[in-house]
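When a residue number appears, it is its place in the shown sequence, counting from 1.
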Amino acid sequence: EASANKVVRYNPMIKMEQVYHTNHPIVNEDVKPWFKAVGDDAKSNSQLRLNAVEKRLASANDIDDQLIKETLRSKDDKNNPVCRTNNRNSYVFTFASVVMTFSEKPYLQIAAGPPDESEFKRFDFSAK
């Protein structure tokens with residue numbers, strides 16, 4: 001996890017084949033004073049979304065691109081969905097989602113906008 005002043009390695013208690021997060025810092029304590037002041041309330045929504053992601057991926061026998069995209073589109077908790085639709089009347093929505101595949105031929109898949117209303121586009125890396 002990186003902040004403006006500090007980088008701390010996050011080593012999740014899962015297979016190192018996959019790493020995911022929502023928006024709260026897990027191991028890096030270099031946060032703004034207002035974030036410290038509100039304490040756990042500042043990360044409760046993010047923690048609930050992380051729990052939903054973990055639940056979906058932990059129960060899967062095979063994790064593939066489709067499952068990851070379905071997870072990024074999920075709304076298991078209606079008050080704290082992983083994907084927040086852009087209702088155009090709020091400042092809070094999922095503005096992008098990224099799936100990174102680190103393989104012999106790595107590639108990215110990016111949805112520019114909430115993944116429940118935006119298509120993922122694939123970007124391959126060239127040898128150059």
Side-chain angles (χ1 to χ4, degrees):
E1 294 180 332
S3 66
N5 304 305
K6 188 175 181 183
V7 175
V8 180
R9 181 178 177 168
Y10 169 56
N11 188 0
M13 301 302 293
I14 57 173
K15 291 188 260 178
M16 289 309 295
E17 296 173 359
Q18 54 184 298
V19 176
Y20 43 82
H21 74 92
T22 47
N23 293 82
H24 65 282
I26 297 172
V27 293
N28 192 338
E29 296 176 1
D30 180 40
V31 296
K32 294 188 182 272
W34 67 264
F35 191 87
K36 284 182 185 177
V38 294
D40 288 339
D41 288 343
K43 68 177 185 180
S44 62
N45 168 272
S46 184
Q47 184 63 53
L48 290 167
R49 292 183 296 111
L50 180 64
N51 294 346
V53 169
E54 288 177 334
K55 183 177 179 182
R56 281 176 169 258
L57 298 182
S59 64
N61 291 330
D62 185 38
I63 297 176
D64 60 9
D65 291 359
Q66 192 58 36
L67 174 62
I68 294 170
K69 291 176 189 177
E70 288 171 11
T71 301
L72 292 171
R73 292 179 179 119
S74 69
K75 299 170 193 252
D76 299 340
D77 180 330
K78 72 174 191 163
N79 296 318
N80 301 284
V82 172
C83 178
R84 290 182 165 229
T85 302
N86 184 1
N87 295 322
R88 296 178 180 51
N89 61 355
S90 171
Y91 293 108
V92 180
F93 66 94
T94 303
F95 67 89
S97 292
V98 179
V99 178
M100 300 177 197
T101 302
F102 300 107
S103 60
E104 188 174 319
K105 294 184 176 183
Y107 60 93
L108 301 175
Q109 296 177 79
I110 302 172
D116 65 338
E117 62 183 48
S118 305
E119 292 298 319
F120 280 87
K121 293 185 180 180
R122 181 174 167 149
F123 298 88
D124 291 279
F125 293 89
S126 68
K128 296 179 183 182

### Message
Let me check something: do L72 and I63 share a hydrophobic cluster, defined by ILVMFWY side-chain heavy atoms less than 4.5 Å apart, either directly or through other members?
### Response
yes
message = Any heavy-atom pair between the side chains of F95 and N86 that's under 4.5 Å?
response = no
**Item:** Heavy-atom neighbours of K75 NZ exceed 12 at 6.0 Å
**Value:** yes
Minimal heavy-atom distance between D30 and N28, with the atoms involved, is N-OD1, 2.9 Å
All heavy atoms of T94 vs all of V82, minimum pair found to be OG1-O, 3.6 Å
Residues passing the salt bridge (Lys or Arg N to Asp or Glu O under 4.0 Å) test with K6, sequence neighbours excluded, are none
Would the distance check show the side chain of E1 and the main-chain N or O of I26 forming a donor-acceptor pair, the cut-off being under 3.5 Å? yes
Distance col, row Y107:OH vs T101:OG1, nearest 0.5 angstrom, shows 3.5 Å
Salt bridge (Lys or Arg N to Asp or Glu O under 4.0 Å) filter on R56, not counting sequence neighbours, yields D76
What one should report as the nearest heavy-atom pair of T85 and F93 is O-CB, 3.7 Å
Distance col, row C83:SG vs E70:CD, nearest 0.5 angstrom, shows 13.0 Å
Nearest heavy-atom contact between N79 and N45 is O-ND2, 4.1 Å
field: Side-chain donor or acceptor of N80 paired with backbone N/O of L48 under 3.5 Å
entry: no
Requested in this report: Determine, using the 4.5 Å side-chain heavy-atom cutoff (strictly less than), whether V7 and V31 are members of one ILVMFWY cluster.
Outcome: no
**Request:** May I ask you to test the V53-R49 pair for a side-chain heavy-atom distance under 4.5 Å?
**Result:** no
>> Does any part of the side chain of F102, heavy atoms only, come nearer than 4.5 Å to the side chain of M100, both counted from C-beta?
In response: yes
Note: R84 and P81 closest approach over all heavy atoms is CG-CG, 3.9 Å
Hits for salt bridge (Lys or Arg N to Asp or Glu O under 4.0 Å) against D64, two or more places apart or cross-chain, chain-then-number order -> none
One should read off an interatomic distance between K69 NZ and T71 OG1, to the nearest 0.5 angstrom, of 12.0 Å
In short, L67 meets A60 closest at the heavy-atom pair CD2-CB, 3.3 Å
*asked:* Any heavy-atom pair between the side chains of F120 and D65 that's under 4.5 Å?
replied: no
